[in-house]
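Only a predicted model underlies this, so the values are computations on that prediction, with no experimental measurement involved. We're numbering straight along the sequence, starting at 1.
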Amino acid sequence: MTMLIDVAGAGVRVGERTILSGIDLTVGPGEIVALVGPNGAGKSTLLRAISGEVRLAEGKIAIKGRPLTDYSPRELARHRAVLSQHTNVSFDFSVEEIVVMGADSARPQSWVRDVARTAMKQCDILHLFDRPVTRLSGGEQQRVHFARAMLQLLSADDRCKPGLFFLDEPTASLDLNHQLRMVEMVRNITKEGTGILLVIHDLNLMAMLASRVAMMKAGRIIALGPPDEVIRDDVMSDVFAVSNSVRVTPEAPMPFVLPQSMRVRR
C-alpha cells in the first residue's frame, strides 16, 4: 500500500536553530494521525513542512509516492487541503463566498453551490450564509474555514483522491457541542480514504479521534503509536511535567487525561 504521506529523516532549521530533527512519519489512506506535545515542540512546523509551506534542511517528504518538491502549488492544492490555526480575512466576504473559494474552478457552479450548502449545513453555519465573516465569533469563523477546506477536498478531481487534510488546532475555539461535531465530521471524511494529519492540544479529544499519535518534544518524535500506547503517565511526566494524569474510560480501553499535580522540574 502506498502511503499518502511518507516522511524520512526530516529536519528544519531557522538560521542556527534546529526546529525539527530526525522526523520519520507515515499517514495511510483513511488514517488519522495526531501530532501532540508542549508549546514549541515543532508540531505546527512539521505540519507546515508536510503541507509544502516550510522547506526542509534535510530528509525527504513524499506525497502519494512522489517527492513533495515535484508538486507545483496548484497541483498540490488538488491533493491536500489545509486548515490553519489562524486565518485572517480582511474584507467583508460573506460566509458563502468564503466557503466556495475552496472549490476547484473546473466544477460547475451549480455543483459548487449545492455541495457548499451541504458543507455549511454539516458545519452548522448554513443559517449564517449571508453574514460577513468578519462579524462572526472566532468559533464560527473556524467552522467557516473548515467548510471551505471540506469543499476543496470534495471538489478535487477523482484522479487526485484519496486526498489529505491538514488541521492545525481545529477545535481550539469551538464549544463542546461543535468540538464533538468536528470529531464526527473528521471521522466521516476518512471513510472515503482521506488521510488526516492534525495538531491538537486537547488530548482527550485526540484519544477519541486518532488512529495513531506522535508525541513530540524539542523537535523530535519521542513516541509513536495508538493513543493507549502513547498516552501514559511516564510519557506525560516526561513531556508535560504532570504526574498521575492518565486514566482509562470504563466502557473501552481509551485513555483520558486528568492532571492531578505538576511535577517539579529539576
Are the side chain of Q142 and the backbone of A172 linked by a donor-acceptor contact shorter than 3.5 Å?
no

Between R181 and H178, is any pair of side-chain heavy atoms under 4.5 Å apart?
yes

Could you tell me which non-hydrogen atom of L153 sits nearest to which non-hydrogen atom of A81, and how far apart they are?
CG-CB, 3.9 Å

Considering all heavy atoms, the nearest L4-G195 contact:
CD1-N, 3.5 Å

Given the rule that I, L, V, M, F, W and Y join up when any side-chain heavy atoms are under 4.5 Å apart, are V183 and I231 in one cluster?
yes

Hey, what do you get for CD1 (I5) to CG (L197), rounding to the nearest 0.5 Å?
5.0 Å

Please determine whether residues I23 and M3 belong to a single hydrophobic cluster, defined as Ile, Leu, Val, Met, Phe, Trp and Tyr linked transitively by side-chain heavy-atom distances below 4.5 Å.
no

Consider only side-chain heavy atoms of I, L, V, M, F, W and Y, link residues closer than 4.5 Å, and tell whether V239 and I221 are in one cluster.
no

When rounded to the nearest 0.5 Å, the distance separating CG of N204 from OG1 of T249 is 10.0 Å

Tell me, do T190 and I196 make a side-chain contact under 4.5 Å, heavy atoms counted?
yes

Salt bridge check, R78 against D104: does any charged N sit closer than 4.0 Å to a carboxylate O?
yes

Please check if the side chain of R143 supplies one atom and the backbone of C123 the other of a donor-acceptor pair under 3.5 Å.
yes

Are P38 and F240 side-chain neighbours, meaning at least one heavy-atom pair lies under 4.5 Å?
yes

Do the side chains of N39 and H201 get nearer than 4.5 Å, heavy atoms only?
yes

Can we say E96 and R113 salt-bridge, meaning some charged N sits less than 4.0 Å from an Asp/Glu carboxylate O?
no

Answer yes or no: is there a donor N or O on one side and an acceptor on the other, between the side chain of K64 and the main chain of P162, under 3.5 Å?
yes

Determine, step by step, whether R107 and V115 satisfy the side chain to side chain contact (heavy atoms under 4.5 Å, CB included) criterion, reporting the C-alpha distance in whole Å, the side-chain angles of both residues, the deciding distance to 0.1 Å, and the verdict.
CA-CA 11 Å; R107 291 288 186 176; V115 177; over 6 Å; no

For a 4.5 angstrom cut-off between non-hydrogen side-chain atoms, does L209 reach R187?
yes

For residues T134 and D92, is any side-chain donor paired with an opposing acceptor at under 3.5 Å?
yes

Between K161 and D158, is there a salt bridge with N-O shorter than 4.0 Å?
yes

Where do L198 and I32 land on the side chain to side chain contact (heavy atoms under 4.5 Å, CB included) test, with the steps shown first?
CA-CA 8 Å; L198 76 154; I32 302 174; 3.6 Å; yes

In one Ile/Leu/Val/Met/Phe/Trp/Tyr side-chain cluster, 4.5 Å: I200, V33:
no

Looking at every heavy atom in both I61 and A49, which two are closest together, and how far apart are they?
CD1-O, 3.6 Å

Taking all non-hydrogen atoms of both residues, which atom of G225 and which atom of V230 are closest, and how far apart?
N-CG2, 3.5 Å

Distance col, row L167:CG vs L47:CG, nearest 0.5 angstrom, shows 8.0 Å

When you look at CD of E192, are more than 12 heavy atoms from neighbouring residues, nucleotides or ligands closer to it than 6.0 Å?
no

Are any non-hydrogen side-chain atoms of L25 and L35 less than 4.5 angstrom apart?
yes

Is a side-chain donor or acceptor of R159 paired with a backbone partner of A156 at a separation under 3.5 angstrom?
no

Please work out which of the three classes, parallel, tilted or perpendicular, describes the rings of F165 and F146, given edges at 30° and 60°.
tilted

Between S237 and S243, is there a donor-acceptor pair closer than 3.5 Å when you use the side chain of the first and the backbone of the second?
no

Donor-acceptor pair, side chain of Q179 and main chain of L174, under 3.5 angstrom
yes

Side chains of R48 and D168 in contact at under 4.5 Å (non-hydrogen atoms)
no

Tell me, yes or no, whether the heavy-atom count around R135 atom CZ, taken from other residues, nucleotides or ligands under 6.0 Å, exceeds 12.
no

Using atom types as modelled and distance alone, determine if a side-chain donor or acceptor of D238 lies under 3.5 Å from a backbone N or O of D234.
no

Run the side chain to side chain contact (heavy atoms under 4.5 Å, CB included) check on V144 and R148 step by step: do they pass?
CA-CA 6 Å; V144 170; R148 171 186 52 77; 5.7 Å; no

Within the 4.5 Å heavy-atom criterion, are I63 and R80 side-chain neighbours or not?
no

What are the two closest heavy atoms between L56 and A10, and how far apart are they?
CD2-CB, 3.9 Å

Does D228 reach the main-chain N or O of P255 with its side chain, forming a donor-acceptor pair under 3.5 Å?
no

Residue pair S44 / V199: nearest heavy atoms and the distance that separates them
N-CG2, 4.2 Å

Distance-only, no hydrogens or angles: does the D233 side chain make a donor-acceptor pair with backbone N or O of V246 under 3.5 Å?
yes

Assess the residue pair M150 and M185 against the criterion (side chain to side chain contact (heavy atoms under 4.5 Å, CB included)); give the C-alpha distance rounded to whole Å, side-chain angles, the decisive distance to 0.1 Å, and a yes or no.
CA-CA 10 Å; M150 281 180 59; M185 284 189 289; 4.2 Å; yes

Indicate yes or no for a side-chain donor-acceptor contact from K43 to the backbone of M216 under 3.5 Å, with no hydrogens or angles considered.
no

